[in-house]
Amino acid sequence: MNYANHFGYTDINPFEVVRVISDKTLEVRAMDAIRDESVDLQWVPGGFSFHCVNQADQKWLIKSNPSNRIVRIRLSKNKGWQDKDGRRFELSDKPTKFYDYNF
């Protein structure tokens with residue numbers, strides 16, 4: 001697995017694995033993600049003000065950024081991969097970005 005996607009409630013942010021310390025410790029770095037404007041998000045009145053009806057269609061241009069900070073994540077028996085602040089990660093073969101416009 002080359003990536004560790006951070007799950008923050010309903011949002012997902014891409015991180016890349018930059019170093020394997022052990023089978024229970026990894027160093028990861030946040031990746032830059034810019035929304036692909038070619039996908040036209042559709043908005044209708046609802047929620048607090050508007051609701052995005054096609055947010056599942058969003059696409060992101062994701063790339064590595066060596067100047068981003070490196071953090072360590074560790075494998076917990078009961079909570080999966082986490083950093084020292086308790087943020088949850090899942091290992092993956094591809095980086096994923098998702099922004100929940102309806103949260």
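Numbers here are sequence positions counted from 1. All figures in this text were calculated on a predicted structure; none of them were measured in a lab.
Contact detail for Asn68 and Ala30: the closest heavy-atom pair is ND2-O, 2.8 Å. Nearest heavy atom pair, residue Met31 against residue Ser64, reads CE-N, 3.8 Å. Nearest heavy atom pair, residue Ala56 against residue Phe98, reads CA-CE1, 4.5 Å. Counting all heavy atoms, side chain and backbone alike, Ala4 lies closest to Leu91 at CB-CD2, 3.8 Å.
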Query - side-chain contact (heavy atoms from CB on, under 4.5 Å) evaluation trace for His51 with Tyr101 - result: CA-CA 7 Å; His51 176 78; Tyr101 291 99; over 6 Å; no

Query raised in the report: Does the side-chain contact (heavy atoms from CB on, under 4.5 Å) test come out yes or no for Val20 and Ser22, once each step is laid out?
Result: CA-CA 6 Å; Val20 176; Ser22 72; over 6 Å; no

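Asn65 contributes no side-chain N or O that, together with a main-chain N or O of Asp32, makes up a donor-acceptor pair within less than 3.5 Å. Judged by distance alone, with hydrogens and angles left aside, the side-chain atoms of Asp100 form no donor-acceptor pair with the main-chain N or O of Thr10 at under 3.5 Å. At distances below 3.5 Å, at least one donor-acceptor pair connects side-chain atoms of Asn5 with backbone N or O atoms of Lys94. Checking side-chain atoms of Asp83 against main-chain N and O of Arg72 turns up no donor-acceptor pair under 3.5 Å. In this structure a side-chain-to-backbone donor-acceptor pair under 3.5 Å is missing from Asp11 to Tyr99. No donor-acceptor distance shorter than 3.5 angstrom exists from the side chain of Gln82 to the backbone of Gly80, with no hydrogens or angles considered. Side chain of Glu90 to main chain of His6: no donor-acceptor pair is present (N/O by atom type, distance under 3.5 Å, no hydrogens or angles).
With rounding to the nearest 0.5 angstrom, the CG atom of Leu61 is 6.5 Å from the CD1 atom of Ile34. The line from CD1 of Ile62 to OG1 of Thr96 is 6.5 Å long, rounded to the nearest 0.5 Å. Atom CZ of Phe7 is separated from atom CZ of Arg87 by 13.5 Å, given to the nearest 0.5 angstrom. Between Ser92 atom OG and Tyr3 atom OH the span is 9.0 Å, to the nearest 0.5 Å. The distance from the CG atom of Asn54 to the CG atom of Asp40 is 7.5 Å, given to the nearest 0.5 Å. Separation of atoms NZ (Lys24) and CH2 (Trp81) is listed at 9.5 Å; rounding is to 0.5 Å.
Both Val39 and Trp43 are members of a single hydrophobic cluster when ILVMFWY side chains are connected at heavy-atom separations under 4.5 Å. Connection of Val28 to Ile70 is not established within any shared hydrophobic cluster, with ILVMFWY side chains joined at heavy-atom distances below 4.5 Å, either directly or through further cluster members. Val71 and Val18 fall into different hydrophobic clusters, where Ile, Leu, Val, Met, Phe, Trp and Tyr are joined by side-chain heavy atoms under 4.5 Å apart, directly or via other members.
No side-chain donor from either of Asn2 and Glu16 sits under 3.5 Å from a side-chain acceptor of the other. Side-chain polar atoms of Ser76 and Asn78 form no donor-acceptor pair below 3.5 angstrom. Counting only N and O atoms by type, the side chains of Asp57 and Gln55 include no donor and acceptor under 3.5 Å apart.
Using bins of under 30°, 30° to 60° and over 60° for the plane-to-plane angle, the ring pair Phe15/Phe89 lands in the perpendicular bin.
Between Asn13 and Lys97, the closest side-chain pair of non-hydrogen atoms falls below 4.5 Å.
A salt bridge is absent between Arg29 and Glu27; no separation between the charged side-chain nitrogens and carboxylate oxygens falls under 4.0 Å.
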